[in-house]
Amino acid sequence: MESLKGKHIVLGITGGIAAYKSAILLRLLIKRGAEVQVVMTPAAKEFITPVTLSALSGKPVVSEFFTANTGEWHSHVDLGLWADLMVVAPATASTLGKMANGIADNMLVTTYLSAKEHVMVAPAMDLDMYASPSTRRNLATLASDGVEIIEAAEGELASHLVGKGRMAEPEEIVERVERFFLRRNDMSGMKVAITVGPTYEKIDPVRFVGNYSSGKMGFALAEECASRGAEVTAVAGPVSYYPSNPSIKIVKVESAREMNDEALKAFGSADVGIFAAAVADYRPEEYCDHKIKREGSEEMTLRLVKNPDIALNVANNKKNGQTLVGFALETNDAVVNAEKKLEKKNLDMIVLNSLEDKGAGFRTDTNKVTLISRNGDEKRFPLKSKREVACDIIDEIMELRKNNS
Ligand code: PMT
């Protein structure tokens, strides 16, 4: 019954009729052993009193930046660090808009902006507001920021109209919370190594051969594994963005040869190895130690030689019980090419993403993947945020490991 024992949950409550259901949600979370800190927006207090919520949670409710009579400062940063999970239920259209756009004018939104771990929102509003382009846009932004959306249900609304906009029932929200912790804890004690980003192959001190990889997909995987308790090492090429989770160890490299050397070290002891990097297959045969001048010749020939195949080198040293997963970035004959790579590189699974799919591949916040396993299973997923894609990939890897153990 105490499925949430020891878990720290921030319950954010905003100003909507569904706020009365938050008291039930709070009670269910507490009954399952969670420690819950309620954070309310000023408008929420018009719908449910802080006294009810502090009595149920056993903690004073946080709503203002200061306690008026003592001037005591309430730190949203401390709350954000304390929380293993933040659930905003109900989430009004206004709060969703503020969260999506970083409008930090109340304690709830500042806590959200400081949250280090997973965040869920359970929207509740009238059907027209829920369907409006603005709300849909804000929800899409939040989803691509990694926020889990617990979609509103159909039913009678406060306006007595019938449609989609009712907050999900407290029992359903609790089930999602339990599932999140089950998922998150899946990987505790496990080691994961991931190659991330592009490689740069130097031509001269100012030029290189490279590609468009931003590192978003690889780091989404790193974040997902770390949030499930794994010890994660990311061997990353030159990227301009790094994950916020401080527990992720990052080994910075530039070229494919450097990535190969560091990957052989990091992947050796890993239970799961994922090759998300876009490695340059070729490098200039010679490096020129001064800037190549354009004067004097109308043409320039760059001779390229093959780089090491990192995935293959790691797979050739594969240890017992290790699961190795590659990516295939394709532009044509996607499935056939991906299957060839799966075989040739001796991988357990390959994640196919195709540049033919809009919103998939390099630099986007979204991706559309097909997971192809060695046993012939093929699973296609719709376009999702890279963090959600990471979640699907890790779920599948864990499933494979269960079946192979
Ligand atoms: O970083 P983002 O902007 O978020 O973009 C994500 C991504 C498109 C880079 C990512 O989703 C992806 O597809 N990564 C693999 C890109 C790639 O190089 O694919 P490939 O089909 O050329 O290579 C097949 C596999 O072998 C890959 O796992 C690759 O990491 C690995 N490989 C390739 C060449 C090489 N020399 N060594 C390797 O390890």
Side-chain angles (χ1 to χ4, degrees), residues 144 146 193-201 209-224 234-243 253-264 266-267 272-283 304-318 323-372 381 383-390 392-393 397:
S144 78
I194 309 178
T195 64
V196 180
T199 63
Y200 286 0
E201 313 298 326
V209 174
N211 60 65
Y212 297 117
S213 173
S214 62
K216 285 180 183 174
M217 190 64 248
F219 281 141
L221 285 157
E223 297 255 25
E224 182 60 29
V235 182
V239 287
S240 51
Y241 140 88
Y242 289 97
V253 296
E254 184 167 324
S255 66
R257 284 184 294 177
E258 284 167 20
M259 187 176 272
N260 185 61
D261 293 348
E262 292 301 332
L264 284 173
F267 282 63
V272 173
I274 307 176
F275 305 96
V279 184
D281 282 316
Y282 294 90
R283 65 175 183 277
L304 301 175
V305 293
K306 232 177 189 168
N307 264 330
D309 185 327
I310 302 170
L312 186 64
N313 289 345
V314 170
N316 284 341
N317 293 293
K318 187 174 173 180
T323 308
L324 296 180
V325 174
F327 271 72
L329 180 63
E330 302 297 337
T331 54
N332 57 295
D333 299 328
V335 173
V336 174
N337 286 331
E339 282 169 351
K340 277 188 196 153
K341 284 177 189 171
L342 175 71
E343 196 67 32
K344 183 177 158 235
K345 293 178 195 254
N346 193 19
L347 301 167
D348 297 289
M349 185 172 92
I350 198 145
V351 181
L352 162 63
N353 43 187
S354 168
L355 294 181
E356 280 179 318
D357 290 319
K358 199 163 176 278
F362 290 127
R363 295 193 286 196
T364 51
D365 290 325
T366 50
N367 207 358
K368 186 174 173 192
V369 300
T370 301
L371 307 185
I372 306 172
F381 293 84
L383 190 74
K384 294 184 179 190
S385 71
K386 279 189 172 159
R387 182 60 187 265
E388 286 175 304
V389 170
D392 291 336
I393 294 170
I397 291 176

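Just so you know, ligand 1 is whichever comes first in the structure, and atom 1 is the first atom listed for that ligand.
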Test: [X] and [Y] ion pair at under 4.0 Å:
| X | Y | answer |
| --- | --- | --- |
| D281 | K306 | no |
| K386 | D365 | no |
| E339 | K344 | no |

Discussion item. For N346 and N316, which I'm curious about, is there any donor-acceptor pair between the side chains at under 3.5 Å?
Written reply: no
Fill in: Under the side-chain contact (heavy atoms from CB on, under 4.5 Å) test, residues paired with K384 that sit two or more places apart
F381, P382, E388, V389, D392
Worksheet item: What does the list of residues with a heavy atom under 4.0 Å from ligand 1 look like, ordered by chain and number?
Response: S213, S214, G215, K216, M217, F275, A276, A277, A278, V279, D281, P308, D309, I310, A311, G326, F327, A328, L329, K341, K345, N353, G361, F362, R363, N367, K386
Item to complete: Determine the sole option in K368, K340, K341 for which the salt bridge (Lys or Arg N to Asp or Glu O under 4.0 Å) test with E330 is passed.
Response: K341
